[in-house]
Each structure stands twice: as C-alpha cells, then as structure tokens.
Amino acid sequence: MLHPLVPPVLAWFDTAARDLPWRAADRTPWGVLVSEVMLQQTPVARVEPLWRRWMMRWPTPADLAEESTAEVLRAWDRLGYPRRALRLQECARAVVERHDGELPRTEAELLALPGVGTYTAAAVMAFAHGRRAVVVDTNVRRVLSRAIAGDALPPPSLTRGELRDAATLVPDDDGTASRWSAAVMELGALVCTARSPRCDACPVAEQCAWRRAGRPPDALAPVRRRQAWHGTDRQVRGRIMAELRAADHPVPAEVLLAAVPGDETQRRRCLAGLLADGLVAALEPLRRPSAGAADAEDADDDAAVRDDAVLYGLPR
DNA sequence: AAAGCGGGGGC
DNA sequence: GCCCCAGCTTT
C-alpha cells in the first residue's frame, strides 16, 4: 500500500525532475557518492560544474586515492567546508583498501566510510544502488513537516518522530522507493522551498496539512539564530585556505598571516586549527643561526620566532 | 544535545 | 544584511 502522498509526487517527478549529471544513465555509484558529499550544505547550482570537472579528472576511487591532497584541495576550490575534500579522498582510499575499489553495497559499509553519515549512506543506497532506504535531508524534512505535521519548518534537529514519518512513507519496493526518495527531495528543492513555497505548483497541495491550516508562520522563528560570519574564525580560515590554494610555493608564516584579516591571536588560532585538521602542512622549518648567548631569554618569544620561520602549504 | 565548520546567491 | 543550502564530526 502506498501512502496517499506518494503517487502524486512520483507523477510530478516524472515531468519536473532536473536533468542533473549524477542522475544520468551513465552515472557510477562513485559519482553519486561524490555528488552527495559535495552537496552537503552546498546548493546544486554551485556543485554541478565542479562535479563535472572533478569526475572527468578522477573518475574512480583509485584515481582520487592516488592524487596529492594539495591538488584535491585546489580542485575543491571555494566549494566550502574543505574538510569534506579531505574526507572524500580518505573515503576513496578506504574504498580501494577495504572494498577493492568498488563502492560497497550495504548501508552499514557505506556508513563506515569517512565523510559518510546517515543521510549520505541512505542516499547512495537509493540513488546509486536503486535500493529502498530512508533518505532524510533538509528538503525531505521540510516537505514532511508541512504536509504531515502542519508546521512551516522542521525542528532544529532531526527527531525520532520525523524519522518515523519518513520511514512510513517510503514504499516497500526497491525501485519505487528509490524514485520516491529522489522525488520528495526534488519537491522540496523546487516547489516546497524554505522561503517562498510555490503551493500552486505542488502536486499534494490539497493534502498538505500546513496549507490547509492557512500556512501559519514558523512558531520557533524568533529562536532560530544563525552563526555569524563576519570576523569569525570560519572566515579567517577560509582566507588562509584561499591564500594557500593560490600559492604555488610554500608560504612563510609572516606572509601568510599578513594576507589575512583578524587580530594576531585569531589568525594564529586559525592557522593552528587548520594544521590540526590536516588542511595545512608546515614545511621545512628554516634553521636560523643560533642567536648565541641571549638564547635563554623568553621562551614565548623564542617559540614565536621559530614559528615565523616555518613555511606553510597545502598538505602533499 | 550542541557547537564548529565555507561560501555564495537570493531576497 | 539576513537566510538558506542533498550534513558530518567531535565534544
């Protein structure tokens, strides 16, 4: 038995689905996974061109596994959250080592791969392997929040209730289930959008609890607060990464930090964080001649000087 | 459960 | 300016 919401959404998807490259007939499971990782918190429009270049350059996990990390980070460019690029390469290496270069076919094995969480594992099962999976992303949460719960927006974090509702809707049959997962996500992306939902174009407008209630505003609206951006560590980290992507030689700390906004403390904290994350590497410390007798002056001062003498670059 | 993590485009 | 985008990892 299909849930009443399912058939209209499937029919709508047949006519409205976007022609995305990771949905093409010649797609590979690895290509699907790459798209899912790139799409984590990043809009389709920005991912598509980069995905095309990426898959042309590194079509298989083995190709990406062998590449230098610096090149991978450069190719990631300004997609954001560059840790994803690191995880994706680790994932490629894990696929080569654990699975003989082929993407695994069970959800548990996918979930065990670096950078693959609940959503991505389910999405790969559905979109790469054509299997039934409970795929719950921000689009699905919003659609179900409106259609079933009658709320303008889903709660801040995924609840068991949402998961239960989502699982109830997924059809039993593998083929129908995987189409449903793509269809409901697409509905959220194109029609049931966060800002200005196009209810006039919605295949389940008549059944939607939120619309029938007169589209009441989000009750939690005043509580939601975004992370600031201006002057944050994230911005500074991004600027450091941009400098290193553009540099074709290792950069002295002084030069690197001078090119970045923020006070001294913040810039050093961010650089240290990037080093700890493996996004930046310290290269060939310069041996400066010993300062002689004045050696034991101030430990902090000395450490700072040594730090300045290090060259930084993207990890090899 | 909450915080940290990028960057850009739409409004 | 603010908000949102096919989340994951760590604490």
Side-chain angles (χ1 to χ4, degrees), chain A residues 17-18 20-23 31-51 73 76-88 90-91 110-128 133-143 152-160 166 178 181-190 192-197 217-218 220-245 260 266 269-270 272-274 276-280:
Chain A
R18 286 169 294 181
L20 299 170
W22 46 87
R23 288 178 179 164
V32 171
L33 186 147
V34 171
S35 78
E36 293 302 341
V37 172
M38 290 181 174
L39 287 162
Q40 291 167 5
Q41 300 286 283
T42 308
V44 167
R46 289 182 51 207
V47 166
E48 185 172 349
L50 196 136
W51 184 90
L73 288 170
W76 195 261
D77 197 35
R78 290 170 300 178
L79 208 53
Y81 294 138
R83 295 199 285 208
R84 290 183 294 166
L86 243 36
R87 297 292 93 80
L88 187 56
E90 290 167 15
C91 178
L110 289 165
L111 201 48
L113 295 170
V116 176
T118 309
Y119 162 76
T120 302
V124 170
M125 287 302 288
F127 307 144
V134 181
V135 181
V136 184
D137 76 328
T138 187
N139 290 302
V140 176
R141 295 184 65 209
R142 191 174 50 250
V143 170
L153 293 173
S157 56
L158 185 64
T159 65
R160 308 193 89 95
S178 77
S181 293
V184 66
M185 280 177 61
E186 193 79 336
L187 187 66
L190 298 182
C192 194
T193 56
R195 215 68 70 85
S196 321
D218 178 21
L220 290 74
V223 183
R224 297 171 194 276
R225 196 153 296 156
R226 281 288 144 186
Q227 213 168 355
W229 169 246
H230 219 69
T232 60
D233 282 8
R234 300 211 305 192
Q235 186 182 32
V236 174
R237 286 168 56 105
R239 293 288 293 273
I240 293 174
M241 291 301 292
E243 287 297 323
L244 294 180
R245 281 196 308 269
V260 163
Q266 183 182 33
R269 178 175 68 239
C270 289
L274 290 169
D277 290 343
L279 286 164
V280 172

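Note on naming: letters A, B, ... go to the chains in the order of the sequence lines (proteins, then strands), and numbering restarts at 1 for each one.
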Within the structure provided, determine whether [X] and [Y] are in side-chain contact (heavy-atom separation under 4.5 Å).
| X | Y | value |
| --- | --- | --- |
| A:L88 | A:V34 | yes |
| A:L187 | A:N139 | no |
| A:L113 | A:E90 | no |
| A:R23 | A:F127 | no |
| A:W76 | A:R83 | no |

Length of the [atom1]-[atom2] vector between [X] and [N], whole Å:
| X | N | atom1 | atom2 | result |
| --- | --- | --- | --- | --- |
| A:L88 | B:dC5 | CG | C1' | 17 Å |
| A:L79 | B:dG7 | CG | P | 10 Å |
| A:Q41 | C:dC3 | CD | C1' | 13 Å |
| A:R237 | B:dG4 | CZ | P | 12 Å |
| A:L20 | C:dA6 | CG | P | 11 Å |
| A:R141 | C:dG7 | CZ | P | 10 Å |
| A:D277 | B:dC5 | CG | P | 8 Å |
| A:Y81 | B:dA3 | OH | P | 14 Å |

Out of [options], which nucleotide sits closest to the side chain of [X]?
| X | options | result |
| --- | --- | --- |
| A:P43 | C:dC4, B:dG7, C:dG7 | B:dG7 |
| A:R84 | B:dG7, B:dG6, C:dA6 | B:dG6 |
| A:L39 | C:dA6, C:dC5, B:dC5 | C:dA6 |
| A:R78 | B:dG4, B:dG7, C:dC5 | B:dG7 |
| A:R23 | C:dG7, C:dA6, B:dC5 | C:dA6 |
| A:R234 | C:dA6, C:dG7, B:dC5 | B:dC5 |

I'd like to know if A:T42 reaches the base of B:dG6 with its side chain, counting only an N/O donor and acceptor under 3.5 Å.
yes

[N], OP1 or OP2 - any side-chain N/O from [X] closer than 4.0 Å?
| X | N | value |
| --- | --- | --- |
| A:Q40 | C:dG7 | no |
| A:T118 | C:dG7 | no |
| A:R87 | C:dT9 | no |
| A:R142 | C:dC5 | yes |

Over all strands shown, is [X] touching base, sugar-phosphate only, or nothing at heavy-atom distances under 4.0 angstrom?
| X | result |
| --- | --- |
| A:W22 | base |
| A:V116 | sugar-phosphate |
| A:A123 | nothing |
| A:G80 | base |

Which base, if any, makes a Watson-Crick or G-U wobble pair with B:dG6, both distances under 3.5 Å?
none

Pair A:Y119, A:E36: side-chain N/O donor-acceptor within cut-off below 3.5 Å:
yes

Indicate the atoms forming the closest heavy-atom contact of A:V140 with A:M185, along with that distance.
CG2-CG, 3.4 Å

Please find the pair of heavy atoms, one from A:R78 and one from A:R46, that lie closest to each other, and give the distance.
O-NH2, 2.8 Å

Return whichever of A:T120 or A:T193 has its heavy-atom-nearest nucleotide of DNA chain C closer to the 5' end.
A:T193

Taking for each residue the nucleotide of DNA chain C bearing the nearest heavy atom, is the 5' side occupied by A:P114 or by A:G188?
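Here A:G188 is the residue nearer the 5' end.
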
Spacing of the C1' atoms in C:dA6 and B:dA3 (rounded, Å)
22 Å

What's the gap between B:dG6 and C:dT11 when it is taken at their P atoms, as a whole Å value?
16 Å

Pick out the pairs of N or O atoms, protein on one side and nucleotides 9-11 of chain B on the other, that lie under 3.5 Å.
none

Are A:E48 and A:R18 within salt-bridge range, i.e. N to O under 4.0 Å?
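Not counted as a salt bridge, because no side-chain N and carboxylate O are separated by less than 4.0 Å.
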
